[in-house]
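Inspection log for the structure reproduced underneath, given as structure tokens.
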Amino acid sequence: MKVDKKVEELSLIGESEKVRDGFIVKGILEGKVKVECIKCLEEFDKEIKEEINVKIVKPPYEGFDAKYDIIEMDKYDLEEFLKSEIESIKSDYNICPKCQEEEFNKEF
């Protein structure tokens, strides 16, 4: 089944398939996420473009799958999945372009 879901400025376009123990979701996660720079604390838009290859399963999941990242969710909800991806991106080590350039220039 085709997937085309957008939350805030982040969208997931790809395919979803029901499997025995959950759902397989493959596609491209693309857009912008407002994040805070860990150095200057200024907010900036982080460009995202990454491949998604996940299996969404009900908790507790005791299996292992080398082909997919496992995501445990009580119900198959792509909007909740995207919201959790946004929160994960926000909690990452984000440095704005200005601070990256300053750090680069300090090294030389």
Side-chain angles (χ1 to χ4, degrees):
M1 146 176 61
K2 295 272 187 210
V3 171
D4 188 355
K5 188 73 174 171
K6 185 172 185 174
V7 173
E8 296 178 24
E9 292 187 54
L10 193 65
S11 61
L12 172 63
I13 298 173
E15 299 283 326
S16 173
E17 172 187 353
K18 173 88 172 100
V19 292
R20 181 180 51 84
D21 54 351
F23 289 87
I24 303 293
V25 180
K26 297 179 184 180
I28 301 291
L29 190 61
E30 189 171 15
K32 297 178 191 173
V33 176
K34 286 210 177 296
V35 297
E36 186 177 272
C37 177
I38 62 158
K39 294 201 174 232
C40 68
L41 303 179
E42 292 293 320
E43 198 172 68
F44 70 100
D45 286 333
K46 183 173 184 175
E47 294 285 333
I48 305 295
K49 185 170 186 176
E50 61 183 55
E51 190 174 316
I52 294 291
N53 197 22
V54 299
K55 182 188 280 187
I56 298 175
V57 296
K58 287 192 178 213
Y61 183 74
E62 297 186 21
F64 174 78
D65 199 313
K67 292 170 54 176
Y68 305 103
D69 292 330
I70 303 296
I71 306 293
E72 291 185 7
M73 297 179 81
D74 287 323
K75 65 178 184 169
Y76 178 67
D77 185 341
L78 285 177
E79 185 168 332
E80 278 303 310
F81 170 71
L82 284 174
K83 286 178 182 177
S84 71
E85 286 296 303
I86 289 169
E87 289 307 311
S88 177
I89 292 165
K90 286 180 177 181
S91 69
D92 202 0
Y93 188 82
N94 298 300
I95 300 177
C96 71
K98 184 180 104 187
C99 290
Q100 279 182 335
E101 189 173 310
E102 285 176 8
E103 194 71 24
F104 180 76
N105 289 334
K106 281 182 187 176
E107 292 178 13
F108 293 102

Checklist outcome for this item: Nearest heavy-atom approach of Phe81 to Met73 is N-CE, 3.8 Å

Checklist entry - How far does CD of Glu42 sit from NZ of Lys98, to the nearest 0.5 angstrom? => result 6.5 Å

Next on the checklist: Determine whether Glu72 and Lys58 satisfy the following criterion, salt bridge (charged side-chain N to carboxylate O under 4.0 Å, His left out), listing intermediate values before the conclusion.
Outcome noted: CA-CA 5 Å; Glu72 291 185 7; Lys58 287 192 178 213; over 6 Å; no

Item to check | Passing candidate, side-chain contact (heavy atoms from CB on, under 4.5 Å) with Tyr68, options Val54, Val57, Val25, Asn53 | outcome: Asn53

Item to check | For Leu12 against Leu82, the heavy-atom pair lying closest together | outcome: CB-CD2, 3.9 Å

Checklist outcome for this item: Distance col, row Cys96:SG vs Asp45:CG, nearest 0.5 angstrom, shows 12.0 Å

Checklist entry - Is Glu87 salt-bridged to Lys83, going by a charged N under 4.0 Å from an acidic O? => result no

Checklist entry - What heavy-atom pair brings Glu51 and Ile28 nearest, and what distance separates the two atoms? => result CA-CD1, 4.2 Å

Item to check | Residue pair Asn94 / Ile89: nearest heavy atoms and the distance that separates them | outcome: ND2-O, 3.0 Å

Next on the checklist: Are Ile24 and Val3 connected into the same hydrophobic cluster when the rule is that any two of I, L, V, M, F, W, Y join if their side-chain heavy atoms are below 4.5 Å apart?
Outcome noted: no

Checklist outcome for this item: In short, Gly31 meets Leu10 closest at the heavy-atom pair N-CD1, 3.9 Å

Next on the checklist: I need the Lys46 NZ to Lys90 NZ distance, nearest 0.5 Å.
Outcome noted: 12.5 Å

Next on the checklist: Test of understanding: clusters of I, L, V, M, F, W, Y form through side-chain heavy atoms closer than 4.5 Å, transitively. Do Leu78 and Leu29 belong to the same one?
Outcome noted: yes

Checklist entry - Does a side-chain N-to-carboxylate-O contact under 4.0 Å join Lys55 and Asp69? => result no

Checklist entry - Which heavy-atom pair separates Glu85 from Ile52 by the least distance, and what is that distance? => result OE1-CD1, 4.4 Å

Next on the checklist: The test is side-chain contact (heavy atoms from CB on, under 4.5 Å); show your working for Asp4 and Lys2 and say whether it passes.
Outcome noted: CA-CA 7 Å; Asp4 188 355; Lys2 295 272 187 210; over 6 Å; no

Next on the checklist: How long is the straight-line distance from CD of Glu8 back to NZ of Lys6, given to the nearest 0.5 Å?
Outcome noted: 10.5 Å

Item to check | Sub-4.5 Å side-chain heavy-atom contact between Lys32 and Glu47 | outcome: yes

